[in-house]
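Working notes, structure below.
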Amino acid sequence: MLERVHAATDALVSAGKLPAGLDKSRIVVEPPKDASHGDMATNVAMVLAKPANARPRELAEAVAEKLRSDPLIAKVEIAGPGFINLVLKPAAWADALHAAVVAGANYGKSAMGAHKKINVEYVSANPTGPMHIGHCRGAVFGDALANLLIFAGYDVTREYYINDAGAQVDVLARSAFLRYREALGENIGPMPEGLYPGDYLQECGAELASDYGQALKEMQEAEWLPIVRERAINMMIAEIRNDLMALNVVHDLFFSERSLIEGEPEEVVFTGGATAEVIVVAPKPPPPDLVAEAIAKLRAQGVVYEGRLPPPKGAPVEDYEDREQTLFRSTDFGDDVDRPLMKSDGSYTYFASDIAYHKSKIDRGFATMIDVWGADHGGYVKRMQAAVKAVSDGKAELDVKLVQLVRLLRNGEPIKMSKRAGELILSRDVVAEVGRDAVRFMMLYRKNDALLDFDLAKVIEQSRDNAVFYVQYGHARGQSIFRNGLEVLPDLPADPEGRAAVLAKANLALLDDPAELALIRRIAQFPRLIEAAAEAHEPHRIAFYLYELASEFHGQYSLGTKSPHLRFIIQNDPKMTAARLAMVQGVVGVLAAGLALLGVSAPEEMR
RNA sequence: GACCCCGUAGCUCAGCUGGAUAGAGCAACGGUUUUCUAAACCGUCGGUCGCAGGUUCGAGUCCUGCCGGGGUCGCCA
């Protein structure tokens, strides 16, 4: 439709009624919020009025005149300040539905991405324990976003960054070492302050005990620590991968932070749903220090210097010590203060290796990167974007999606967790209780930057109040209609492709009831929705759209109760039945496609 | 003190990147079933879009300043 409006304005330009060279980018043609305003509306006259030095309504009349001759347009009206409302002929909706049915699972796929490479990094939970519910939200969000971007035509790489180089993995190793001594029969008492108290390291300790016996105890810490650390990290990553698999969250690549510095890949190869190889970033020997390289590059650009920082505001830092340090001039890029790259003991800060990591992404050809982080990392966004800008010479772009906290409830009552005992609520426990579909859908049924209340009791309720159930029921109901439709159309194939091929041949012009046309209109919005959601990096829009589509479908179904002639299956009228089932096919196809993007199953029946 | 996010119906939230009379669900009240799944549907009630300015044909949406809630603030992860 947009092309038709453009054509109409072009015609006015060549007729000399409009000046040439107008900016047409702000012209939109879309379904109006209020259906009584027609099927489509355009703001063309209001957008062009000022630059063309014309009155909006007069200009609208001129454009409307051109559009009236279009064979698919039934009515053109001018309303309000200069909107042009279009009512399409039923044939236009028949065309739209036909396209949806024919395209099947490909309906809504877009070429807007043009195979542009995008890197989406999500989860990246530290390998120091199993995934908790906060990680879970980021995992589901990132996974669905990646699905969406692929559907929109981008070349997406899904990535997990393993923080296996910092102090916290040494803490992990010391904790595991205690569990090892415990496994050897020692009474270790309560876990000392600062170590990981969770009991998930007991298995690690037991393995170490059976593999090494007393040997590790005989060593100095410098000797046993790397051994224990590697074992513990590998086991924790295996844990996390299991948690990801339970959620059906996949990655293409697990990127080791340690490999940036040491050039050594972690020797972990996994198979299964969350499978991916760990990247080898450097040839060996000699292992180049990619962090040092990144810093050197920035230093050459003059954005790294030695200097002092003012003491931190807010909560007092106990061991603060004023000293000269290596700083990145992030203030040049809009950050509040410059940021340190080296710790006082001479090792790199996380920020330093994060710069090297993002440089690696840039070097691997990604000009667009999306990071999914927890909201507590919000203060980190500006400096990271600053670093990306600097290290890519302004060519690469980083979008950070902050995922807000999840508050778990049961029947409206917050579930309390005791951090003291190391008892965070685990992702796997929630999945086990309410199922993967409910977790995934509810995590996506909210904007990423809004707090999320997740009620364990409500998500397994079977009612309209439960969006997951409601949308899935829509899909199942459609399948049920196909099964019953066999009475009138005995030759209807059961497989989706075959069925769609048959139904596509139906005479769709028979669908002329206003409610039916409204439902088809909703189906026809799907491709545009995909593009808008992909553009904004907002998968939650799909979830909301599916809920609306399911709602209209349930409504349409119920109309048949009062008005039998509107039922999907009409005895003795195979032609009308075929047309109606084509409409159901359109709904079911979009529901299935949308649920697939969210990673939620589309059941055949609900019983 | 600075920065980031949030503030829309009694509650939980959408609002398609600036469009027309701001929408759903829940809650409350009323109705619909000899029916293709009532696990559903329809209706009624409910609003100073936190407040005040500004930008323009037009603001819940963009800008500025306040108010309220949350988060973060050198080497933590």
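Side-chain atoms are counted along with the backbone in the values below, which use heavy atoms only and exclude waters and symmetry mates. Since this is a predicted model, take the numbers as computed values, not measurements. Chain identifiers are assigned alphabetically (A, B, ...) following the order of the sequence lines, protein sequences preceding nucleic acid strands; residue numbering begins at 1 within each chain.
Of the C1' atoms belonging to B:G7 and B:G15, the separation is 15 Å, rounded to the nearest Å. Straight-line distance between the C1' atoms of B:G53 and B:A59: roughly 13 Å, to the nearest whole Å. A gap of 47 Å separates the P atoms of B:C3 and B:C41, to the nearest Å. Straight-line distance between the C1' atoms of B:G50 and B:C36: roughly 49 Å, to the nearest whole Å. Taking the P atoms as reference points, B:G19 lies 27 Å from B:U12, given to the whole Å. B:G30 and B:C45 are spaced 15 Å apart, taking the P atom of each and rounding to whole Å. Comparing the same atom, C1', in B:U44 and in B:G60 gives a spacing of 26 Å after rounding to whole Å. Look at the C1' atom in both B:G74 and B:C66: the space between them is 32 Å, to the nearest Å.
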- Message: With side-chain contact (heavy atoms from CB on, under 4.5 Å) as the criterion, how do A:Val406 and A:Cys136 come out once you've worked through the C-alpha distance, each side chain's angles and the decisive distance to 0.1 Å?
- Response: CA-CA 9 Å; A:Val406 177; A:Cys136 173; over 6 Å; no
- Should A:Tyr380 and A:Gln385 be marked as a side-chain contact (heavy atoms from CB on, under 4.5 Å) after you check the CA-CA gap, both sets of side-chain angles, and the distance that decides it? CA-CA 9 Å; A:Tyr380 209 76; A:Gln385 287 174 330; over 6 Å; no
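Side-chain nitrogen and oxygen atoms of A:Arg477 include at least one within less than 4.0 Å of the OP1 or OP2 phosphate oxygen of B:A38. Contact between the side-chain N/O atoms of A:Tyr380 and the OP1/OP2 oxygens of B:A77 is not found at any separation under 4.0 Å.
Atom pair A:Leu549:CG and B:G25:C1' shows a separation of 17 Å (rounding to whole Å applied). Atom CD in A:Glu257 sits about 10 Å away from atom P in B:A77, given to the nearest Å. Rounded to whole Å, atom C1' of B:C36 lies 6 Å from atom CD1 of A:Ile481. Separating the NZ atom of A:Lys382 from the P atom of B:G74 is a distance of 15 Å, rounded to the nearest angstrom. As rounded to whole Å, 22 Å separates atom P of B:C3 from atom CE of A:Met384. As rounded to whole Å, 12 Å separates atom C1' of B:A77 from atom CZ of A:Arg383. Atom C1' of nucleotide B:A24 and atom CZ of A:Phe553 are separated by 20 Å, given to the nearest angstrom. Atom pair A:His554:NE2 and B:A24:P shows a separation of 17 Å (rounding to whole Å applied).
Residues satisfying the side-chain hydrogen bond (donor to acceptor under 3.5 Å, both in side chains) criterion with A:Thr561, sequence neighbours excluded, are absent altogether. Scanning for side chain to side chain contact (heavy atoms under 4.5 Å, CB included) contacts around A:Glu193 gives an empty result, with sequence neighbours left out. Judged as a side chain to side chain contact (heavy atoms under 4.5 Å, CB included), and not counting sequence neighbours, the contacts of A:Ala356 are A:Leu260, A:Val291, A:Ala294.
The residue A:Gly166 sits apart from the nucleic acid: no heavy atom pair falls under 4.0 Å. Across all strands, A:Thr349 comes closer than 4.0 Å only to sugar-phosphate atoms, never to a base (heavy-atom distances).
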Contacts under 3.5 Å, N or O only, protein and nucleotides 66-71 of chain B:
none

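When all heavy atoms are compared, the tightest approach of A:Met443 to A:Leu452 is SD-CD2, 3.8 Å. Pairing each heavy atom of A:Lys447 with each of A:Arg137, the nearest pair is O-NH2, 2.9 Å.
Both tests hold for A:Arg329 against A:Tyr305: distance to the six-membered ring centre under 6.0 Å, angle to the ring axis within 45°. For A:Arg477 and A:Tyr557, the positive end sits near the middle of the six-membered ring, less than 6.0 Å away and at most 45° from its axis. A:Arg383 forms no cation-pi arrangement with A:Phe328, by the criterion of a distance under 6.0 Å to the ring centre and an angle within 45° of the ring axis.
No side-chain N or O of A:His540 forms a donor-acceptor pair with one of A:Arg446 less than 3.5 Å apart.
With a 6.0 Å radius and a threshold of 12 heavy atoms from other residues, nucleotides or ligands, A:Asn572 has its CG atom at or below the threshold.
Annotated as anti: B:U21, whose glycosidic dihedral deviates from 0 by more than 90°.
Heavy-atom nearest nucleotides on RNA chain B were determined for A:Gln325 and for A:Phe351, and the one closer to the 5' end corresponds to A:Gln325.
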- Treat primed atoms plus P, OP1 and OP2 as sugar-phosphate and everything else as base, then score nucleotides 14-22 of chain B 5' to 3': B for base contact with protein heavy atoms under 4.0 Å, S for sugar-phosphate contact only, - for none. SSBB-BB--
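Side-chain atoms of A:Asn484 lie closest to B:C36 of the nucleotides B:C36, B:U32, B:C76. Here the side chain of A:Asp453 is nearest to one of B:C13, B:C6, B:G74, namely B:C13.
Atom-to-atom distance recorded for A:Tyr200:OH and A:Met236:CE is 6.5 Å, nearest 0.5 angstrom.
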- RNA chain B in dot-bracket, Watson-Crick or G-U pairs under 3.5 Å, [ ] crossing, | other strand? (((((((..((((.....[...)))).(((((.......))))).....(((((..]....))))))))))))....
